[in-house]
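Dropping a structure here in structure tokens format, bear with me for questions.
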Amino acid sequence: MKIITLNDEAAIGQAIGDRFCALLQENPSAVLGLATGASPIPSYQHMISRFKAGAVSFAKARTFNLDEYCDLPAEHPQSYRSFMHAQLFSQVDIDPQNTHFLDGNATDEAAECSRFDALIERFGGVDLQLLGIGRNGHIGFNEPADTFTQGSFKVQLAPSTLEANSGYFSGEHMPTHAMTMGVGAILRAKEIVLVATGAAKAEAVKAMIQGEITPQLPASALQNHPNVTVYLDPAAASLL
Ligand code: PGA
């Protein structure tokens, strides 16, 4: 893993946003793996500013999002589909038809997960995957578990995830389950960038980089990937 510590989240967003733009300049129809949460927002803001400057186009890009809540209407403001629309898709020239999500409301969950995994493979796999990390070391919604997951699946969210994300639902009942790409599928991306900022992530970051590889800390699986760059701010890097 390559570890890069930058001063603040704006500098990290610039570095990651530039990497995505460089890939799209080289390969306009690249397959992008996208993430939600607070961590990726500065990266999306930088991509938007590069798009507005005429430096990059998303017109031929294809995107796959890591995860989506179950039992939440797609048009709910806290669905990850809504998040991506607000934070990136509505502000660049991406074709909505080329943006792909797991359908957390599918009645046949297994079929939905197979559909999503097969679609990623059909487009040649993810070229560049953006990740955050949970305080419990999750990537996507792969919570601590006894074995590493492979393909997409439905997961019960861990108590620490419910606590971390409940603020977004401001008193409203928050979903307890989600569908997520598995760890095995994430590791098939050709290149991975992970962003972690703030002291609340410092322990998970240390375990991911310096701890044993264990499904109890799903991000530790990234130690096995040949092309991972981890971007940290000083607080997230403070225990290294
Ligand atoms: P955050 O979430 O960026 O909102 O901290 C990251 C994650 O849980 O993967």
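As the structure lists them, so they are numbered: ligands from 1, and atoms in each ligand from 1.
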### Query
How close do A207 and S220 get, heavy atom to heavy atom, and via which atoms?
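For A207 and S220, the tightest heavy-atom pair comes out as O-CB, 4.4 Å.
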### Task
Please report the closest heavy-atom contact between A158 and N136, naming both atoms and the distance.
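Smallest interatomic distance, heavy atoms only, reads CB-ND2, 3.7 Å.
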### Message
Side chains of V92 and I48, heavy atoms from C-beta outward: is any pair under 4.5 Å?
### Response
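They are in side-chain contact.
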### Task
Compute the centroid of each ring, for Y80 and then for F101, and state whether the two points are separated by less than 6.0 Å.
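Centroid separation for Y80 and F101: 6.0 Å or greater.
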### Task
Decide yes or no for Q129 and M181: does some side-chain heavy atom of the first lie under 4.5 Å from some side-chain heavy atom of the second?
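Yes; the side chains approach each other to less than 4.5 Å.
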Return a table of N or O atom pairs, ligand 1 on one side and protein on the other, at distances under 3.5 Å, rounded to 0.1 Å.
unit_1: ligand 1; atom_1: 3 (O); unit_2: A38; atom_2: N; d: 3.2
unit_1: ligand 1; atom_1: 3 (O); unit_2: S39; atom_2: N; d: 2.8
unit_1: ligand 1; atom_1: 3 (O); unit_2: S39; atom_2: OG; d: 2.5
unit_1: ligand 1; atom_1: 4 (O); unit_2: A38; atom_2: N; d: 2.9
unit_1: ligand 1; atom_1: 5 (O); unit_2: K201; atom_2: NZ; d: 2.6
unit_1: ligand 1; atom_1: 8 (O); unit_2: H138; atom_2: NE2; d: 2.6
unit_1: ligand 1; atom_1: 9 (O); unit_2: H138; atom_2: NE2; d: 3.4

### SB check K154 E112 (cutoff 4.0 Å)
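E112 and K154: not salt-bridged.
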